[in-house]
Amino acid sequence: MSSAQDPFYIVKEEIQDSIDKLQSTFHKWERISPDMGDQAHVAKELVSTCGSIEWQVDELEKAITVAAKDPSWYGIDEAELEKRRRWTSNARTQVRNVKSGVLAGKVSSGAGHASEVRRELMRMPNSGEASRYDQYGGRDDDGFVQSESDRQMLLIKQQDEELDELSKSVQRIGGVGLTIHDELVAQERIIDELDTEMDSTKNRLEFVQKKVGMVMKKAGAKGQMMMICFLLVLFIILFVLVFLT
């Protein structure tokens, strides 16, 4: 299977694009001033994206584990499996580095600001915000869980649709196979009938040849000459009649 058709490389490309965008956003986050309120918001988005990419990498590693049980069936070898494992490991390291950098906070922002960012990312309120967190703190977590649940449901729906299409394709192939079988049976019947006709014709021809041989023996040389002359005259008459008509 070529890399353009292998589902692994299609998913790999999508994940790599997500990692590239994640790193680009992370570098922008590093340049945001601690005094700006956007830093905490962008940091939450970064952590959320990290979790989503890690889940995708986990699913890809599960697929690699399944393929490793019977590589020949999937058209790959051990070298290709090792290459794929290295890529998923490298991808996980890139995501982990970004996540660690965000949770640790920028060194230049100071320990106090890093603590504020970590509390915001972990949905942990400080002592002055405890009552407000009790009212609103769980909403972001619920939204994230709902988002992941919706995404998984969408993936399951897409897989169901693909399975339905595969089932329809199998049914069509089965119908074509039955049609071919019927055609082969009909052709076999015609061939059998033709063989029977040929055997019958062969038997009649042998019978006629035997009769002619017997007549020729009984007639002798003179009779054979007379028969030849008679047949020659008959042929000439038939030729003239055909020519005149």
Side-chain angles (χ1 to χ4, degrees), residues 1-15 56 59-85 87-88 151-245:
M1 182 183 295
S2 63
S3 60
Q5 299 175 340
D6 196 325
F8 172 83
Y9 287 99
I10 297 176
V11 177
K12 171 188 172 182
E13 184 176 352
E14 294 178 356
I15 295 176
Q56 295 178 38
E59 293 300 315
L60 204 57
E61 286 181 340
K62 291 178 182 179
I64 293 173
T65 302
V66 173
K69 295 180 180 178
D70 190 5
S72 60
W73 194 89
Y74 295 93
I76 57 178
D77 51 19
E78 290 297 333
E80 177 65 18
L81 287 172
E82 184 61 27
K83 178 181 177 183
R84 297 183 181 190
R85 292 191 186 100
W87 185 88
T88 54
R151 195 167 70 85
Q152 293 180 10
M153 291 298 295
L154 179 60
L155 290 174
I156 293 174
K157 182 179 179 181
Q158 292 176 348
Q159 291 176 354
D160 290 340
E161 292 175 353
E162 292 175 356
L163 289 175
D164 290 339
E165 289 296 328
L166 180 61
S167 176
K168 292 178 181 178
S169 298
V170 171
Q171 291 177 357
R172 287 195 294 268
I173 293 173
V176 172
L178 291 175
T179 301
I180 294 174
H181 173 72
D182 293 339
E183 289 292 333
L184 290 174
V185 171
Q187 292 180 7
E188 184 179 2
R189 187 183 302 113
I190 293 173
I191 292 173
D192 291 339
E193 292 175 355
L194 181 60
D195 288 341
T196 303
E197 290 293 332
M198 290 181 65
D199 291 339
S200 177
T201 303
K202 181 180 177 182
N203 293 332
R204 288 196 294 267
L205 181 60
E206 289 177 352
F207 177 77
V208 171
Q209 287 177 343
K210 290 180 180 179
K211 288 294 183 181
V212 171
M214 292 174 61
V215 171
M216 295 295 288
K217 288 180 179 180
K218 291 179 179 180
K222 185 177 179 180
Q224 292 178 7
M225 290 299 296
M226 292 179 63
M227 185 175 294
I228 292 173
C229 293
F230 173 76
L231 292 175
L232 182 60
V233 172
L234 181 62
F235 174 75
I236 293 172
I237 294 172
L238 292 174
F239 179 77
V240 172
L241 290 175
V242 172
F243 181 76
L244 291 177
T245 57

**Prompt:** If you round to the nearest 0.5 Å, how far is CZ of Arg189 from CD of Glu193?
**Reply:** 7.5 Å

**Request:** Not counting sequence neighbours, which residues clear side-chain hydrogen bond (donor to acceptor under 3.5 Å, both in side chains) with Glu61? List them please.
**Result:** Arg92

**Request:** Would you indicate whether the side-chain heavy atoms of Glu206 and Lys202 approach each other to under 4.5 Å?
**Result:** yes

**Straight-line distance of Leu166 CG to Ile173 CD1, nearest 0.5 Å** = 8.5 Å

**Request:** Check side-chain contact (heavy atoms from CB on, under 4.5 Å) between Ile191 and all other residues, then give those that pass, not counting sequence neighbours.
**Result:** Asp195

**Fill in**
In this structure, CD1 of Ile10 is separated from CD1 of Ile15 (nearest 0.5 Å) by 12.0 Å

**Asked** Side chains of Trp87 and Leu60: closer than 4.5 Å at any heavy-atom pair?
**Response** yes

**Prompt:** To the nearest 0.5 Å, how far apart are CZ in Arg204 and CG in Asp199?
**Reply:** 11.0 Å

**Request:** Dump the intermediate steps for side chain to side chain contact (heavy atoms under 4.5 Å, CB included) on Val185 and His181, then the final yes or no.
**Result:** CA-CA 6 Å; Val185 171; His181 173 72; 3.8 Å; yes

**Request:** Looking only at non-hydrogen atoms, find the nearest pair between Ile76 and Ala67 and report the distance.
**Result:** CD1-CB, 3.9 Å

**Prompt:** Taking Thr201 for the side chain and Glu197 for the main chain, is one N or O donor matched with an acceptor at less than 3.5 Å?
**Reply:** yes

**Fill in**
Heavy-atom closest pair (Pro71 atom, Leu81 atom, distance to 0.1 Å) is CG-CD1, 3.8 Å

**Asked** Is the number of heavy atoms from other residues, nucleotides or ligands within 6.0 Å of CD (Glu59) greater than 12?
**Response** yes

**Message:** Run the side-chain hydrogen bond (donor to acceptor under 3.5 Å, both in side chains) test on Arg84 and Thr88 for me, step by step, so that the C-alpha distance in whole Å, both residues' side-chain angles and the decisive distance to 0.1 Å come before the verdict.
**Reply:** CA-CA 6 Å; Arg84 297 183 181 190; Thr88 54; over 6 Å; no

**Request:** Please identify each residue that fulfils side-chain hydrogen bond (donor to acceptor under 3.5 Å, both in side chains) with Asn203, with sequence neighbours left out.
**Result:** none

**Prompt:** How long is the span from the CG atom in Leu232 to the CD1 atom in Ile237, to the nearest 0.5 Å?
**Reply:** 10.0 Å

**Spatial distance of atom NZ (Lys83) from atom CD1 (Ile64) [nearest 0.5 Å]** = 12.0 Å

